[in-house]
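Just below is one structure, and these are the notes that go with it.
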There are 2 protein chains.
Amino acid sequence: MQKTTESAQDPRARLREYVSRQGLKFTRQRELIADVFFRSEGHLSVEELLEEVRKDDAQVSLATVYRTMKLLTECGLANPRQFGDGFTRYEPADKDDEHHDHLICRDCGKIIEFYNADIERIQEQIAKQHGFAVIDHKMELYASCSRTNCPDRPKRS
Amino acid sequence: MQKTTESAQDPRARLREYVSRQGLKFTRQRELIADVFFRSEGHLSVEELLEEVRKDDAQVSLATVYRTMKLLTECGLANPRQFGDGFTRYEPADKDDEHHDHLICRDCGKIIEFYNADIERIQEQIAKQHGFAVIDHKMELYASCSRTNCPDRPKRS
DNA sequence: CTCTCTGCAAATTCTTTGCACCTAG
DNA sequence: CTAGGTGCAAAGAATTTGCAGAGAG
């Protein structure tokens, strides 16, 4: 069960490291927000994160969550995503750097991650054909589960 | 060069048709905005459209452009897109219904459309594997041209 | 102690809406 | 004529920011 590097293993430790290296501070709020974020399934919006965080400390402000997520993004521990629902959602970036795409269910709101090597390869080809070098990419499949295989469908229904 | 149906050929006629069928009105502003939109390269934001439109009629308001683009979307002549730059961009939907994806250059802002049958096929497979039916999908390649092949790089540089 | 953070509220940015006048059909 | 449209300005919604007091190092 143990990984090779212990720093990459514990996001909290990585944050603490980054923060001190930059002369910033590791506050109670940052610790709490990071913990909630990394413990989550990912793809939470700032509002949703705040809701979770406030179960632990009702005083935390929305602004602090916004600022902390920006910090986590800067230090490479979180990635912002935008699925067409109007707000930015974050996902942990600690998963072995392996790129993945998303399948978003329009019925139940569920977001599934997947990886497909063929797609990755074809993307490179296409960019090359047009004389470009791929920096980043994203693919989103919007689908319908018809509720058949969604035991745990989230709130937005 | 001629298409099968003449209505599908001229977006302005299609809009006129839709508008009258719905008991709506074909106003000077709607005609102008639609003309500018369909004459454009696509991927314009509402602000950018307004700028173009005002070269012809400086009185047109931003609200009307928003409302008209929503109307064009409803009648299937335009599709809203969101590339991470913060605003909604529209593209004409009159291109033979053929789906396409986007390659967005982070250097020059150019947006190139492409279509790849393998990708379309793989997407279907993936959704099926997870027990979903694809409703829609999008793939965006963010790339760098290093300015080598971008003779006509847009304003945002 | 000092310099960063936090919470709050005000400010921004994109988009939508209410309303009085205007206009297409 | 009459319903729907337009322009304007105000309202909304998500996110950012200024500031005074709080707290980490």
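Naming: A, B, ... by sequence-line order, numbering from 1 per chain.
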- Item | Pairwise 5' ranking along DNA chain C for B:Y90 and A:L24, keeping only the more 5' one | A:L24

- Taken to the nearest whole Å, CG/B:L49 to P/C:dT15 is 11 Å

- Query: Using the benzene-type ring in the case of Trp, are the ring centres of A:H99 and A:Y115 under 6.0 Å apart?
  - Reply: no

- Spacing between B:M69 atom CE and C:dC14 atom P, to the nearest angstrom: 17 Å

- Item | Along DNA chain D (nearest heavy atom to each residue), the more 5'-positioned of A:Y66 and B:A63 | B:A63

- Task: Would you tell me if any nitrogen or oxygen in the side chain of B:S61 comes within less than 4.0 Å of OP1 or OP2 on D:dC8?
- Result: no

- Query: More than 12 heavy atoms of other residues, nucleotides or ligands under 6.0 Å from CD of B:E51: is that the case?
  - Reply: no

- Atom CG of A:L32 and atom P of D:dG23 are separated, to the nearest Å, by 15 Å

- Message: Pick the closest DNA chain C nucleotide for B:F26 and for A:G23 by heavy atoms, then say which residue is nearer the 5' end.
- Response: A:G23

- Message: Under 4.0 Å, counting only non-hydrogen atoms across every strand here, what does A:S20 touch: a base, just sugar-phosphate, or nothing?
- Response: nothing

- Message: How many whole angstroms separate atom CD of A:Q22 from atom P of D:dG25?
- Response: 15 Å

- Provide, to the nearest angstrom, the distance between the CG atom belonging to B:L50 and the P atom belonging to D:dT6. 13 Å

- Query: Reckon A:Q59 touches a base, only the sugar-phosphate, or nothing at all at heavy-atom distances under 4.0 Å?
  - Reply: sugar-phosphate

- Whole-Å distance between C:dT15 P and B:F87 CZ? 8 Å

- Message: Pick the closest DNA chain D nucleotide for B:V60 and for B:K25 by heavy atoms, then say which residue is nearer the 5' end.
- Response: B:K25

- What do you reckon, is CD of A:E74 surrounded by more than 12 foreign heavy atoms closer than 6.0 Å? yes

- Task: Report the distance from atom CG of A:L62 to atom C1' of C:dA10, rounded to the nearest whole Å.
- Result: 14 Å

- Task: Ignoring backbone atoms, test whether A:T88 places a side-chain nitrogen or oxygen under 4.0 Å from the OP1 or OP2 oxygen of D:dT15.
- Result: yes

- Task: Looking at every strand, decide which applies to A:R28 at a 4.0 Å heavy-atom threshold: base, sugar-phosphate, or nothing.
- Result: nothing

- Under 4.0 Å between a side-chain N/O of B:T27 and OP1 or OP2 of D:dG4, yes or no? no

- Query: Taking everything shown except B:E47 itself, do over 12 heavy atoms lie less than 6.0 Å from its CD?
  - Reply: no

- Query: Does the pair A:R12 and A:D35 meet the rule for a salt bridge (charged side-chain N to carboxylate O under 4.0 Å, His left out), with working shown?
  - Reply: CA-CA 7 Å; A:R12 192 189 330 190; A:D35 279 359; 3.2 Å; yes

- Think B:Q29 has a side-chain N or O under 4.0 angstrom from the OP1 or OP2 of D:dG7? yes

- Contact under 4.0 Å: B:R67 side-chain N or O vs D:dT6 OP1/OP2: no

- Query: Starting at CG of A:D57 and ending at C1' of C:dT6, how long is that distance when rounded to a whole Å?
  - Reply: 11 Å

